[in-house]
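If you're wondering where the values come from, they're calculated on a predicted model, not measured in any experiment.
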Amino acid sequence: MSSASLERLAARRIFDAFRAYNRRFRDITRRAARHFERRDWAANRRDAVRRIDLYNQSVVATRNELAALLGEAYDSRECWNRIKECYATLIAGCADAGFYKTFFSSLTRRIFHTVGVDSEVEFLALDVDPALASADSLPTRRYVNRGSLYLLFEELLDDLPFSRLYRDTDGTIRFIVAEVEAYRGEQKRRDPPQAVEIVPALFYRGRRAYAVGRLIGGGWQVPLVIPFAHTDEGVMSDVVILSESDVSMLFGFTRSYFHVDLVSVGSAVRFLRELMPLKPVDELYTVLGRAKQGKTERYRALMRHLQNSTDLFVRAPGARGMVMEVFTLPSFNVVFKVIRDSFGYSKNIRRDEVRDKYELVFRQDRAGRLVDAQEFRRLSFDLPRFEASLKHTLLETCGKNCRIDGDRLLIEHLYIERRLIPLDVYLKDADPDSARHVVIDYGQAVRDLAFGNIFAGDLLLKNFGVTRHGRVIFYDYDEVTFVTDCVFRPLPQSDREEDELAAEPWFFVGAHDVFPEEFAHFLGLGEELGQVFRNYHGELFSHRWWSRLKARLERGEVIEVLPYSPKTRTTKLSATGLYGIRQGG
């Protein structure tokens with residue numbers, strides 16, 4: 001076989017490999033509907049993890065196949081440059097062509113261990129622009145108000161795949177109509193809604209299915225999301241979401257990924273961006289399950305921002321941690337986290353274990369309380385863009401990951417996350433009402449994580465952050481573990497004063513022992529806010545509460561944490577029990 005034929009065959013193999021990956025991705029995604037109808041939550045969770053693992057498995061298998069196919073040419077840059085040209089021809093005109101390019105670049109970056117970017121053997125992030133403005137419009141289902149919102153939503157609900165499973169069809173319709181009318185009253189909109197536009201594919205996540213679309217009036221429109229739960233009594237709705245901020249949190253960077261079967265993801269992202277114009281595009285790709293494309297888009301946005309800005313990378317606000325050096329670009333809303341070469345004496349953990357913790361979080365249900373940390377390798381930045389003391393710190397304390405190459409700073413491994421205001425920093429400047437709110441939500445964050453079998457380990461305020469919506473999120477993962485792996489013990493008491501005053505515990509402490517009574521001593525909330533915390537979350541200081549929760553989790557109980565507040569605008573329908581869904585805890 002000639003070299004040209006071999007290169008065309010290699011390009012075709014990569015093309016076919018991505019299409020096979022995409023078919024398997026969509027096959028797993030489609031199974032979410034069956035899991036929802038059967039209430040098979042364990043299978044649903046297994047598929048969520050299986051789909052996350054699928055991309056890396058496909059890249060590794062394709063790389064191995066190409067190594068056997070290309071032989072000595074496998075590591076030839078000239079050969080791969082020609083393969084890239086053949087591949088670009090194959091994918092021209094494909095829907096979501098950027099996905100194909102990202103898959104190709106994932107292969108070549110592993111083959112050549114690329115530092116920074118290499119335009120000869122990969123598609124540059126700046127060239128993998130999803131071009132949302134030119135993406136085809138997403139086909140939607142449109143339901144017109146012909147004088148009765150009841151009939152409109154009756155038609156909409158009848159089109160859903162689980163329409164035969166409703167607990168109370170009439171009550172559900174009346175509830176949705178009442179919520180929409182109450183919203184119209186709140187907003188003082190005199191004209192009734194003219195239509196509802198819905199994405200044909202339902203969005204599944206956890207134990208909920210979501211109809212996503214928009215409510216359209218005369219000269220106005222708002223997002224419309226209707227969640228559905230499948231309870232013992234049947235399918236029902238417990239809230240109607242009509243707020244851009246609430247929908248944005250539902251699609252947020254602290255959430256696990258949706259399972260929604262889309263022919264064109266780019267078209268869906270364009271539609272969702274119209275509902276949530278402040279939502280970064282990379283987060284929408286990621287929350288739709290396309291995590292690698294989300295990374296590509298985040299990198300693309302960062303590189304373009306660097307081209308059009310002049311501010312310097314600086315240390316991120318907040319107390320410095322022992323495990324990570326964290327820096328930011330003030331004009332760009334992310335932080336960069338690099339693992340230090342060594343940690344303080346109190347951190348009994350290795351660098352590879354830190355990476356394992358981040359991988360654990362990546363595969364876990366984040367319950368809306370864990371930041372989605374994207375892992376990047378071998379990135380390159382202009383050295384003059386780094387503030388002098390930060391540059392010195394990175395080279396001195398993170399030398400295994402950071403080095404200088406000419407006028408570039410190369411970072412071998414780092415994580416990029418959305419920037420939050422550290423909770424301890426937030427509380428210093430917050431007014432009393434805001435401080436009280438976030439302290440209560442701080443305790444709820446600890447609970448929500450625990451319900452998902454996550455024990456944060458280090459509950460210090462500096463390890464939590466506050467979003468623009470006022471939600472408290474955990475982002476320091478080096479001590480994360482499963483609740484079921486912990487041993488919750490009462491704090492032993494001694495009659496000897498010297499025992500109580502000793503710097504080290506006078507009693508045996510096992511590797512997995514946790515003493516919840518100690519939490520109150522190091523939270524650092526002060527007297528007033530500490531009392532607020534105790535009033536709402538005092539049981540978190542009890543080993544009994546944690547032990548009971550652990551027992552429930554060990555029995556296999558799934559404790560649901562709702563990704564929205566089950567509040568309603570109306571109360572007259574509450575007797576039907578349509579939104580009395582138990583959250584757990």
I'd like to know if [X] and [Y] make a salt bridge, using a cut-off of under 4.0 Å between side-chain N and carboxylate O.
X	Y	answer
D53	R363	yes
K357	D476	no
R290	E297	no

Passes side chain to side chain contact (heavy atoms under 4.5 Å, CB included), F455 versus V446? Steps please.
CA-CA 8 Å; F455 179 63; V446 177; over 6 Å; no

Parallel, tilted or perpendicular for [X] and [Y], by the 30°/60° rule?
X	Y	answer
F474	Y477	tilted
W546	F519	perpendicular
F258	F251	tilted
F36	H230	tilted

So, does [X] use its side chain to make a donor-acceptor pair with the main chain of [Y] at under 3.5 Å?
X	Y	result
T254	V371	no
R419	L329	yes
K550	C486	yes
R471	M249	no
E387	L390	yes
R205	S256	yes
D341	G399	yes
R351	S342	no
E179	V240	no
D478	V354	no

Quick one: side-chain contact (heavy atoms from CB on, under 4.5 Å) partners of [X], sequence neighbours excluded?
X	result
E396	H392
R534	Q531, F541
Q374	T286, K295, R298, F376
R320	R315, E325, R340, T393

[X]: ring pair (Phe, Tyr, Trp, His ring centres under 6.0 Å) partners, not counting sequence neighbours:
X	answer
F313	F327, F336, F381, F386
H305	F332
Y426	none
H35	none

Which pair of heavy atoms, one from [X] and one from [Y], lies closest together, and at what distance?
X	Y	result
L138	S267	CB-O, 3.7 Å
G443	F533	CA-CE1, 3.5 Å
V335	A316	CG1-CB, 4.3 Å
R468	S248	NH2-OG, 3.4 Å
R369	I473	O-CG2, 3.4 Å
L410	S380	CD2-OG, 3.2 Å

Going from [atom1] on [X] to [atom2] on [Y], what distance comes out if it is rounded to the nearest 0.5 angstrom?
X	Y	atom1	atom2	answer
K400	I339	NZ	CD1	11.0 Å
M303	Y299	CE	OH	4.0 Å
R447	L549	CZ	CG	10.0 Å
L414	R377	CG	CZ	10.5 Å
F488	S542	CZ	OG	11.0 Å
S389	L394	OG	CG	9.5 Å

Looking at side-chain heavy atoms only, is the closest gap between [X] and [Y] below 4.5 Å?
X	Y	result
P223	I241	no
L420	F253	yes
Y415	R355	yes
V212	V247	no
L242	L224	yes
I559	V561	no
W220	Q187	no
Y442	L523	yes

Answer yes or no on whether R366 is positioned over the face of Y257, meaning its NZ or CZ is under 6.0 Å from the six-membered ring centre and within 45° of the axis.
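Checked: cation-pi criterion met.
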
Is there a donor-acceptor contact under 3.5 Å linking the side chains of [X] and [Y]?
X	Y	answer
R436	Y536	yes
E479	T481	no
R385	S309	yes
R51	T29	yes

Suppose we screen for salt bridge (Lys or Arg N to Asp or Glu O under 4.0 Å). Which residues come up paired with [X], at least two apart in sequence or across chains?
X	answer
K279	E283
D382	R408
D47	R31, R50

Derivation and outcome, side chain to side chain contact (heavy atoms under 4.5 Å, CB included), residues L360 and F482:
CA-CA 10 Å; L360 180 155; F482 293 118; 3.7 Å; yes

Does the pair M276 and L284 meet the rule for a side chain to side chain contact (heavy atoms under 4.5 Å, CB included), with working shown?
CA-CA 10 Å; M276 301 168 278; L284 289 174; 3.9 Å; yes

Can you pull out every side chain to side chain donor-acceptor pair (under 3.5 Å) where at least one residue sits in residues 450-467? Sequence neighbours excluded, please.
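Only N453-T484, D458-N463 qualify under side chain to side chain donor-acceptor pair (under 3.5 Å).
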
